[in-house]
Amino acid sequence: MEESLRLSQQQKLQQRLTPLQVQFVRMLEMTGPEVEDEVERALDDNPALEAVDDNPVAAPQDDEEFTESAEQMQLADYRDPDDIPYYRLEARNHSADDRVYTPEATPASGESLIDSLNEQIAQSSLEEPLLTMAEYIIGNLDDNGYLTRSVDAIADDVAIAEGLEVTPEQAREAWNAVRQLEPAGIGATDLRDSLLLQLRRREPSQRRDHAIAIIDHYFDLFSKKHFDRITSLLGISRDELQDAMALIRQLNPKPGSGLAHGEGSARPIVPDFSVDVDGEEITLTLLNNLPELQISATFAEGDPVPGGASLPSHRDAYLFIKQKRDEARDFIKILSMRQQTLFAVMSAIVKIQRDFFLSDEPSRIKPMILKDIAAITGYDLSVISRAAAGKYVVTRGGVYPLKMFFNERPKEDDDTSSMQIIDLIKKIIASEDKSHPLSDEIITQRLQDQGLDIARRTVAKYRERIGVPVARLRKEI
């Protein structure tokens, strides 16, 4: 059977972003500090781009007396007065007897956990190959201080990388040495192991023995809060159980988390907006330290190239000037579009969530989705989503992520926001009897008694969102 060849025609509609749109989307997703870094990079890389000098310094005339002090010259080096370090503005008029406050130094991020443990192990009585094995074990601890790899696998690493043969007995001896370091609980394989390590460092007492027995033999019942079964199996009273539980609560489930392990894990939040309230008047400010940009005069449009661009020797110079001028113009345009878009999106949020910004009460947040902002700004939903992602606003009550203001309605025809329901759930749980916590069914019933038509699965979803465990895990003695 012969196959026939046919020509067919298909029509497709595809939408592709221009390079300018791609750059805009990328910059829109950036946070304030990231955009500031991007502007500094552009100023360094593109000679056609320059910052507008708001306060140009006129050259002194020949008959003018130059009276500027060295201190004033140093202060003039700072672009913005807010950038001047505090020590440049403070008078050094302390006497020898004055006590000068010096901020407490913070250890360099990423060094203190590893360095502290290595320093301790170096001062121990371990000798090679145990010392190297212990150092490799320390290097394999996670941010919480747990050992997530097997000791045998680490011994193989030592053999391959260092050429040292470590027997299984020596590997475990080195591991036990690490488990004796400070803070207590370091080198454990899991939570149960870590709690036992910490308990065994405590002074011997009856409540410590009870706590060890609970974690060692009945950890599963402990994690599920089956306290009645624990008292029955251990043959202890309710008061003795409470005493042991109080000791367990003093332990640190993440013994290494208080010490830096890798590069800075905590990133400071820098607000992108400020909302000030004066009576019923709300003022929105876009916070940034971005300079006003312009195209350098030497790259201005129409600036002739010496000898003419038609000459081969000057053609490259002409193309270079045009390319850098176009790049600078696009960068200025994209940066302006970003600022306008962010301000428009935040203005729409303030308009819809006016009651919240006047009161600073999360329960006053209204139902709001991306379409509500799109209806006001006319922007695409993806643009609004990118503009809100990773951005924060500072109010008199604190710093809030913009994503917090986007919350759905539990039902299409309901004006109650998810934030209001979450606030009610928090209040119901806060007032419950801790020895008999309320189930999701009971919480749902109480919300329905207040006129909220809400399903149990919705209550469970909101409860999980605020990090509240199920009823049996909230039970206390």
Side-chain angles (χ1 to χ4, degrees), residues 27-40 51-52 54-55 75 78-86 88-90 266-293 334-379 383-407 415-420 422-423 426 466:
M27 188 173 290
L28 187 62
E29 292 176 335
M30 292 182 180
T31 62
E34 290 172 342
V35 170
E36 292 173 18
D37 292 341
E38 186 73 6
V39 170
E40 290 296 330
V52 177
D54 294 331
N55 298 299
L75 294 178
Y78 295 94
R79 180 184 297 175
D80 192 313
D82 294 334
D83 295 335
I84 301 176
Y86 71 91
R88 291 289 186 196
L89 304 177
E90 290 182 347
R267 183 177 180 180
I269 293 176
V270 180
D272 302 87
F273 306 94
S274 172
V275 172
D276 297 312
V277 177
D278 184 8
E280 293 294 316
E281 182 178 350
I282 298 178
T283 303
L284 172 63
T285 305
L286 179 60
L287 304 175
N288 57 65
N289 293 316
L290 301 179
E292 184 181 351
L293 303 178
I334 291 169
L335 185 61
S336 176
M337 289 169 57
R338 175 193 185 270
Q339 302 299 84
Q340 293 173 6
T341 302
L342 288 182
F343 193 84
V345 169
M346 189 64 215
S347 297
I349 293 175
V350 171
K351 181 177 181 180
I352 295 175
Q353 304 294 356
R354 178 179 176 84
D355 291 344
F356 165 79
F357 289 104
L358 290 176
S359 63
D360 255 313
E361 296 180 6
S363 60
R364 303 290 296 274
I365 294 179
K366 297 179 179 179
M368 185 183 78
I369 57 177
L370 294 176
K371 288 183 179 180
D372 297 326
I373 303 299
I376 296 176
T377 62
Y379 294 143
V383 171
I384 298 170
S385 179
R386 289 184 170 93
K391 311 300 190 303
Y392 294 83
V393 58
V394 58
T395 71
R396 57 187 175 183
V399 179
Y400 304 95
L402 298 197
K403 287 293 186 181
M404 185 188 78
F405 301 106
F406 292 90
N407 58 101
D415 289 333
T416 306
S417 71
S418 60
M419 292 299 297
Q420 292 170 317
I422 288 174
D423 187 61
K426 286 181 179 179
I466 59 178

Testing the basics here: between M27 and R338, what is the closest heavy-atom pair and its distance to 0.1 Å? O-NE, 3.1 Å
Can you name the closest pair of heavy atoms from L290 and Q339 and give their distance? CD1-NE2, 3.6 Å
To the closest 0.5 Å, what do you measure between CD1 (I352) and CZ (R354)? 13.5 Å
Checking side-chain contact (heavy atoms from CB on, under 4.5 Å) for the pair E29/S385: CA distance, chi angles, key distance, verdict? CA-CA 9 Å; E29 292 176 335; S385 179; over 6 Å; no
What's the shortest heavy-atom distance between L402 and A387, and which atoms? CD1-O, 4.4 Å
Under the rule for salt bridge (charged side-chain N to carboxylate O under 4.0 Å, His left out), what residues qualify as partners of D276, not counting sequence neighbours? none
Nearest 0.5 angstrom please: D37 CG to T31 OG1, how far? 8.5 Å
Taking the ring of F357 and the ring of Y400, is the distance between their centroids below 6.0 Å? no
Tell me, do T283 and D278 make a side-chain contact under 4.5 Å, heavy atoms counted? no
Closest non-hydrogen atoms of E280 and L358, given as atom of the first, atom of the second and distance, are OE1-CD1, 3.5 Å
How close do L286 and D272 get, counting heavy atoms only, and between which atoms? CD1-O, 3.4 Å
How close do M368 and I373 get, heavy atom to heavy atom, and via which atoms? SD-CD1, 3.8 Å
Exactly one of L284, V393, V394 clears side chain to side chain contact (heavy atoms under 4.5 Å, CB included) with S274, and that residue is V394
Does any part of the side chain of D372, heavy atoms only, come nearer than 4.5 Å to the side chain of F406, both counted from C-beta? no
List the steps and the verdict of side-chain contact (heavy atoms from CB on, under 4.5 Å) for M346 and I349. CA-CA 5 Å; M346 189 64 215; I349 293 175; 4.2 Å; yes
Exactly one of L335, N288, L342 should register a side chain to side chain contact (heavy atoms under 4.5 Å, CB included) with V35. Which one does? L335
Scan residues 272-293 for pairs that pass ring-ring contact (aromatic ring centres under 6.0 Å, His included), counting only residues two or more places apart or in two chains. none
Counting only heavy atoms not in K351, do more than 12 sit closer than 6.0 Å to its NZ atom? no
